[in-house]
Amino acid sequence: MPELPEVEVIRRDLEKEVVGRKIRKAEVRSTKNAMRIIRRHKNRKDFESALVGAKISSIDRLGKYILLHLDNQMALVIHLGMSGQLLQCKASAAVENHTHVVLDFTVGGQLRYIDPRTFGEMFVSPKGDLGEVKELQKLGIDPLEQPLTWQYFSETLANKKTKMKGLLMDQKFICGIGNIYSDEILFLAGIRHDRESDSLSSSDVRRLYRAIHEILQDAIKYRGTSADDEQYRDLYGAVGEYSQFLKVYQREGQPCRRCRTPVERSRWSNRSTFYCPQCQV
DNA sequence: GTTTAACCCTGCACGC
DNA sequence: TGCGTGCAGGGTTAAA
């Protein structure tokens, strides 16, 4: 599942590859679930006509959302969901299964949206209306883009009484962290997933604050994570290299890289959580 | 205020 | 071998 690091890698690559390109043709393909991807639009034409002829002027990221700003005062908003992928390729390249949307540039090939599980979505909105998109409105602090102040961070933890894993994954608090990186951040900070936020000492909070930045920056450096069952691929179809540095995620039964205790897995709100019972307290 | 469960869909593992 | 069934997976949201 693409989380903040993967989405940021894609954003940076899009900035290099598609800014300045003009969309010659936009096609919502006739796949079984293509309409699910553009579910906010009433029909294909409504989506396609907003894009044709526009030039991409800049790329933004808000949490796990990618925003392609267009020179026609519209913005193309993309959320990759669980299995969404943006692929830059030549127009002549074979079309992969589950390719739902294709943007054809006047120069520079195509940008394709592929999504087997169709949890992702794309929509076009007037730039002036982006502030009214409720999913974007509710997003909390983006730890890379906005300064996550020590005061806000520690006060929020102290004022809530919720389990740490849930809080880290709460997009209204900090946006961009999902299941993989919440496990890795909590391991690095030495904090269990089920610790309640108001039980953290000031040194716990300090370690956690550092771990958020360190893990996310490292994951971006290695171009994200493509874990065993993850289908994440970058803009060029390559897997992320951070998988080899994972300390706990999907390492159930394997020795902890720090203390050799077998990594455990538990269920939290129907999600798998991986942790070291020795290093995390 | 917080937690839980259901929903969305596909691919894979497993059993017959 | 082939088919059918059940479940995992994450974000969101409604319900508890």
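Within every chain, numbering begins at 1; the chains are lettered A, B, ... in the order of the sequence lines, protein sequences first and strands thereafter.
- Rounded to whole Å, the distance from CG on A/Asp170 to C1' on B/dG1 is 12 Å.
- Checking the phosphate oxygens (OP1, OP2) of B/dT10, no side-chain nitrogen or oxygen of A/Thr118 falls inside 4.0 Å.
- When the side-chain nitrogen and oxygen atoms of A/Tyr249 are compared with OP1 and OP2 of C/dG9, none of them lie within a distance under 4.0 Å.
- The phosphate of B/dG11 has OP1 or OP2 within less than 4.0 Å of a side-chain N or O from A/His98.
- For the segment residues 135-145 of chain A, the set of residues with a heavy atom within less than 4.0 Å of an atom of DNA chain C comprises A/Glu135, A/Lys138, in numerical order.
- The base of C/dG9 is not paired with the side chain of A/Arg271 by any donor and acceptor separated by under 3.5 Å.
- Across B/dG11, B/dT3, C/dG11, the shortest atom-to-atom separation from the side chain of A/Pro116 is found for B/dG11.
- Side-chain polar atoms of A/His100 and A/Thr31 form a donor-acceptor pair below 3.5 angstrom.
- The residues A/Glu135 and A/Arg40 are annotated as salt-bridged, a charged nitrogen and a carboxylate oxygen being separated by less than 4.0 angstrom.
- Taking each heavy atom of A/Ala54 and A/Asn72 in turn, the nearest pair found is CB-ND2, 3.5 Å.
- B/dC8 atom P lies 15 Å from atom CD1 of A/Ile37, rounded to whole Å.
- Here A/Lys161 does not reach the OP1 or OP2 of B/dT3: none of its side-chain N or O atoms lies under 4.0 Å away.
- Within 4.0 Å of A/Ser83, counting heavy atoms only, lies no atom of the nucleic acid at all.
- Rounded to whole Å, the distance from CD1 on A/Ile177 to C1' on C/dG10 is 15 Å.
- Linking ILVMFWY residues whenever their side-chain heavy atoms come closer than 4.5 Å, directly or via other members, leaves A/Val77 and A/Leu111 in distinct clusters.
- Rounded to a whole Å, the CD atom of A/Glu121 is 10 Å from the P atom of C/dT13.
- Side-chain N/O atoms of A/Lys160 include one lying less than 4.0 angstrom from OP1 or OP2 on B/dT2.
- Listed nucleotides: B/dC9, B/dT10, C/dT13. Nearest to the side chain of A/Lys134: C/dT13.
- Comparing A/Gln171 and A/Arg265, the nucleotide of DNA chain C nearest to each residue sits closer to the 5' end for A/Arg265.
- Which of C/dG10, C/dT12, B/dT10 sits closest to the side chain of A/His79 comes down to C/dT12.
- The interatomic distance linking A/Tyr232 (OH) with C/dG10 (P) rounds to 17 Å, in whole Å.
- The interatomic distance linking A/Phe119 (CZ) with C/dA8 (P) rounds to 14 Å, in whole Å.
- Centroid-to-centroid, the aromatic rings of A/Tyr275 and A/Phe187 stay 6.0 Å apart or farther.
- Neither OP1 nor OP2 of B/dC8 sits under 4.0 Å from any side-chain N or O of A/Arg36.
- Put simply, CG on A/Asp194 is 14 Å from C1' on B/dT3, counting in whole angstrom units.
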Would you please test A/Arg11 and A/Glu8 for salt bridge (Lys or Arg N to Asp or Glu O under 4.0 Å) and show each step?
CA-CA 5 Å; A/Arg11 186 197 71 76; A/Glu8 177 61 17; 3.1 Å; yes

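- Residue A/Lys163 has its side chain nearest to B/dT3 when only B/dT3, C/dT12, B/dT10 are considered.
- Looking at A/Glu241 and A/Arg223, no side-chain N of the basic residue comes within less than 4.0 Å of a carboxylate O on the acidic one, giving no salt bridge.
- In this entry the distance linking CZ of A/Arg117 with C1' of B/dT10 reads 6 Å, nearest Å.
- For B/dT10, one of the phosphate oxygens OP1 or OP2 lies less than 4.0 angstrom from a side-chain nitrogen or oxygen of A/Asn33.
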Between A/Tyr222 and A/Phe245, does a ring pair (Phe, Tyr, Trp, His ring centres under 6.0 Å) hold up when you go through it step by step?
CA-CA 9 Å; A/Tyr222 290 99; A/Phe245 301 105; 4.4 Å; yes

